[in-house]
Amino acid sequence: MSCSEERRAAIQLGCIADDFTGATDLANNLVRAGMRVVQAMGVPTQPLDSDADAVVVALKSRTLPVAEAVTQSLAALSWLRAQGAQQIYFKYCSTFDSTAHGNIGPVTEVLMDALDTDFSIATPAFPDNLRTVFKGHLFVGDVLLNESGMQNHPLTPMTDANLVRVLQRQCQRRVGLIDYKVVAQGEAAIRDRIAELRAQGIGLAVVDAISNADLMRLGPALKGMPLVTAGSGVAIGLPGNFGITPSITASALPPAAGLQAVVSGSCSLATNRQVLAFIQAGLPARSIDPFQVAAGTDVVTQVLAWAKPLLNQAPVMIYSSAESDAVKAVQARLGVEAAGAMLERTLAAIALGLVELGVRQLVLAGGETSGACVQALNIRQMKIGPQIDPGVPWCHAQSDVAGPTGLHLTLKSGNFGSDDFFVKAFARLA
Ligand code: ADP
């Protein structure tokens, strides 16, 4: 091999996630199981520039038209294979968010074709977050998926908890089940069941899992399977197949320094409690009034001027988070999408301004909000670090704005995290 062809060690697990905060959730589980993980925002255009055991390519393909989701997923696959990935993990939501047409089924099948494999599994089970699969039926906490509120989701209403049926409607291949009795017997029984299903011409199997022990029994049976499709739960049982064991070195990040800030555009119940807890802790907080932004007031300049002298003393929080009545009033006047996009732009400009003021530890709350902020900061890759709360790790990224040391950031999706998340996050990093 010539010098120019020399590359970093090949990655082991290549992951494709159908949304942004879901990608971080998967990465977090892999790190906890001992893998060094990099998350890429979209399909990278360059080879990987750091050492990692796994890479998670974060797409926003969950509700795209099927053809676009397929194209993006194949592009991610081809980049991951070029980095040497031995196994591919297609990650979707633990509530199996999809429409009657996809995108879970079509993306899975096109990945199977590209990998030239005739069998894969599908399970969104994530017992740590109370998602369990029993007899092929998905439970969210104590209730079936179709009674969990997900039946009313605006984009991906889930009206059937029987995942074998749901997936079959999206697939050409026949879909079967590996049930809890087989999973309970462990690797050999699971492998026998897979052989049996393949002999029957079945190409995909939903797998029951009602505990982490089930996922740990499933893991070894997936060794060598070219494609695994799942929520983030299955990830806890895979690193062992590559000889990797849990280790705190997997989550090591460069030392944190610099000023601290929280930017929150999530209006989820958990975030609203976290905003309140930050204020009650006596820390400086400033809210954004959507109507002022809409009226053309330069809120970004005002907020940054307010933050500048305070940042040297304590973390500051800037938020548009609000209770549902206030959000509805804003949406009624400005339109749901227009209000969302306007506030995402505003908060992203504020996040950028804060980093220009020296913030190097940044907590971002809200899936869409953090997506907009990460884009404004021109962040393409993040190394995944220690977990703050389930599904939410600290990360480290390079950004032109942050200079040579880069910055630490965490992307908290709406309903994740304990009430004191915004306060304890900085302590965790210290
Ligand atoms: P979550 O992860 O909680 O769903 P997101 O950031 O994904 O949070 O979504 C929240 C959406 O609500 C964003 O588009 C954001 O701009 C918008 N938003 C934030 N604050 C308000 C508000 N006060 N009124 C109306 N919409 C808001």
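Since the structure is predicted, the reported quantities are computational estimates derived from the model, not experimental observations.
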State, without any angle test, whether [X] and [Y] hold a side-chain donor-acceptor pair at a distance under 3.5 Å.
X	Y	answer
Lys424	Ser418	yes
Glu68	Ser61	no
Ser264	Ser266	no
Asn146	Gln151	no
Asn212	Asp128	yes
Ser321	Asn272	no
Tyr92	Ser98	no
Lys412	Thr271	yes

Heavy-atom closest pair, residues [X] and [Y]:
X	Y	answer
Arg62	Asn103	O-ND2, 3.2 Å
Gln168	Val175	OE1-N, 2.7 Å
Gly258	Arg360	CA-CB, 3.9 Å
Asn28	Gly391	ND2-N, 3.3 Å
Cys171	Gly105	SG-CA, 3.7 Å
Met35	Phe242	CE-CD1, 3.6 Å

Donor-acceptor under 3.5 Å ([X] side chain, [Y] main chain):
X	Y	result
Asp53	Gln12	no
Gln87	Pro226	no
Gln361	Gln260	no
Thr369	Gly366	no
Asn241	Gly219	yes
Arg380	Met41	yes
Arg174	Gln200	yes
Ser94	Gly231	no
Asp160	Asn162	yes
Gln83	Leu48	yes

Quiz prompt | Sole residue of Leu411, Thr410, Val392 in side-chain contact (heavy atoms from CB on, under 4.5 Å) with Thr24 | solution = Leu411
Exercise. Give me the one residue out of Leu64, Val57, Ile16, Val107 that meets side-chain contact (heavy atoms from CB on, under 4.5 Å) with Gln72.
Key: Leu64
Under 4.5 Å between any side-chain heavy atoms of [X] and [Y], yes or no?
X	Y	value
Leu238	Leu222	yes
Ile210	Phe139	no
Arg36	Thr249	no
Val263	Val363	no
Val38	Ser50	yes
Val182	Asp179	yes

Within a 6.0 Å radius of atom [atom1] on [X], are there more than 12 heavy atoms belonging to other residues, nucleotides or ligands?
X	atom1	answer
Arg169	CZ	yes
Gln375	CD	no
Glu337	CD	no

To the nearest 0.5 Å, what is the distance between [atom1] ([X]) and [atom2] ([Y])?
X	Y	atom1	atom2	answer
Ser120	Tyr89	OG	OH	11.0 Å
Ile178	Arg191	CD1	CZ	11.0 Å
Leu30	Ile384	CG	CD1	9.5 Å
Leu347	Glu368	CG	CD	12.5 Å
Phe126	Asp25	CZ	CG	5.0 Å
Ile11	Asp51	CD1	CG	11.5 Å

Self-check item: Evaluation steps, side chain to side chain contact (heavy atoms under 4.5 Å, CB included), between Leu409 and His396
Solution: CA-CA 6 Å; Leu409 73 167; His396 182 263; over 6 Å; no
Quick one: do [X] and [Y] make a salt bridge, cutoff under 4.0 Å?
X	Y	value
Glu187	Arg217	no
Lys60	Asp19	no
Asp420	Arg273	no
Asp208	Lys135	no
Asp118	Arg173	no

Exercise. Name the orientation class of the two ring planes belonging to Trp394 and His408 (parallel below 30°, tilted from 30 to 60°, perpendicular beyond 60°).
Key: perpendicular
Quiz item: Relative to the ring of Phe278, is the ring of Phe422 parallel (under 30°), tilted (30 to 60°) or perpendicular (over 60°)?
Solution: perpendicular
Quiz prompt | Steps toward side chain to side chain contact (heavy atoms under 4.5 Å, CB included) verdict (Ile88, Leu77) | solution = CA-CA 8 Å; Ile88 301 297; Leu77 173 68; 3.5 Å; yes
Quiz item: Does the side chain to side chain contact (heavy atoms under 4.5 Å, CB included) test come out yes or no for Leu283 and Ile279, once each step is laid out?
Solution: CA-CA 6 Å; Leu283 293 162; Ile279 295 167; over 6 Å; no
Exercise. Verify side chain to side chain contact (heavy atoms under 4.5 Å, CB included) between Val56 and Lys91, making sure each step is shown before the conclusion.
Key: CA-CA 9 Å; Val56 183; Lys91 193 271 175 193; over 6 Å; no
